[in-house]
Amino acid sequence: MSRTNIVFILSDDHAAHAISAYGSRVNSTPHLDRIAHNGVRMDAVFCTNSICSPSRASILTGTYSHVNGVSSIWTEMDYRVPTFPEVLQRAGYRTAMFGKWHLGEHGQALPRGFDTWKIFPGQGDYVDPAMIDERGTHTVPGYATDIVTDLSLDWLDGLGDDEPFCMMVHHKAPHRPWVPDEKHRHLYADGAIPEPETFFDDNESRSRAVRGVRMTIADDMGADDLKQDIPEHLRGPENREARMRWKYQIYMRDYLQCVQSIDDNVGRLLDRLEEKGLAENTLVVYTSDQGFFLGDHGWFDKRLMFDQSLQMPMLIQWPAAVEAGSRCEAIITNVDFAATFLDACGIDAGEELPTSQGRSFLPLLRGERVEDWPDAAYYRYWEHDDPIHAAPAHYGIRTAEYKLIHYYGAGLGVPGASERLFEPEWELYDLAADPAEVRNVADDPAYAEIRAALAAKLTQYQRHYGDEPYRGPDTPRPDWGPYDAETLERVTRVFAR
Ligand code: CA
């Protein structure tokens, strides 16, 4: 049998609750649903740091942000940490990367391990985007989601028979500023997109740190996001509710129209794989670098550890190995992807990507029971020096039943963030009793034992992944970026455990 191929489709900020295979109340995505129908819907895949560049670095390397160096969109990757496409290329795979890279545009930061690549600078533009390849930067006419798909289809068509391949198809959509293709502008235009149940959440029981984030639709979503001025009659605190409703419809209309182009283009890609007879032995993944608040709790954006932001949608078809129409509820993170993709290609990540902190979930994809599979995901958000969103530093643990989050109070003297130097705070959510995560029970005596057990688990996971808990404002922030020899040795020891 020929070697397994990989088509990895990554969108940007596409929340699972805007995919009909996940029961979306707001849209319909027939081609994404096709992948779920042909394969498996993963129900508990979580990012380890809900922000664009960090998630991409974790996916490529199979490591947490504190290991690969990409703790925020401003920090540089440690280029000594290898990536799974490099391993595949070395193993004789043809490799390609098209679309949003967001890990730098110069020197070592350019894509490595790919025979062919063509990327957007930074976030990329939706219409007539600039793209960078080995020949330099030039403008490509058209709509970004179509362009990325066209490049992918052309590359597939140029492959020789029986050449194993790994192709990464990275869409810019549906990231801000949500510019839809002209042909989708008629969709969702009647102002009737349902509001989420928690749209008017008062966030009363939450930490001060969370109540202070600048991610509210009512007050923080601006004219740039809406591509129009906020009308006079909707301004002011007395019009807050009406303003929220008005903004929500525009925001979601644009967001969902962008998603529709992804859905169409995923359909084109699936069709081509079928036409070429490649579908059977190609592992096709659809996922997003993280989720997004779609008005949930009154917010847009991501960063926080609540499920709408934490969860990555993940649909996988691979007829040769994965049962059609199956589900997987095991807790998986983006750090596990690299080891899994290598495993699917017959390569042991432990041997070939020893820096990986992830574990292959290939047995789970095959429907096997794995008794010692981890029952929790560890998360840490580092971009608390961003004054625009004012999201607090935090880490936490999520199990199937509970979520414990610690906002440890780091402000680190950065303008905008320093004014929000709070006392350390905790949140605990009982996901079975409160799946919407609206009732923080961290200080409820009835949950004292559960909280203590989760705090112990948090420490255990931090030790396992070699992350250091915050030790207060007098302890200097770790020096992110390329490691010194001592740090690298420490990381190596972590991996040896
Ligand atoms: Ca993103």
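Everything numeric here is computed off the predicted structure, so don't read it as measured data. Numbering of ligands and ligand atoms starts at 1, following listing order.
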Close aromatic pair by centroid cut-off 6.0 Å: His175 and Phe292: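 Centroid separation for His175 and Phe292: 6.0 Å or greater.
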Could you verify whether a donor N or O on one side chain and an acceptor N or O on the other, from [X] and [Y], lie under 3.5 Å apart?
X	Y	answer
His37	Arg34	no
Tyr286	His14	yes
Arg303	His389	yes
Lys118	His138	yes

Note: Lys302-Asp13 ion pair, threshold 4.0 Å (strictly below):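 Salt bridge: yes.
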The Ca ion (ligand 1) neighbourhood, protein N/O/S only, threshold under 3.0 Å: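 Counting only protein N, O or S atoms under 3.0 Å from the Ca ion (ligand 1), the list reads Asp12 OD1, Asp13 OD1, Cys52 SG, Asp289 OD1, Asp289 OD2, Gln290 NE2.
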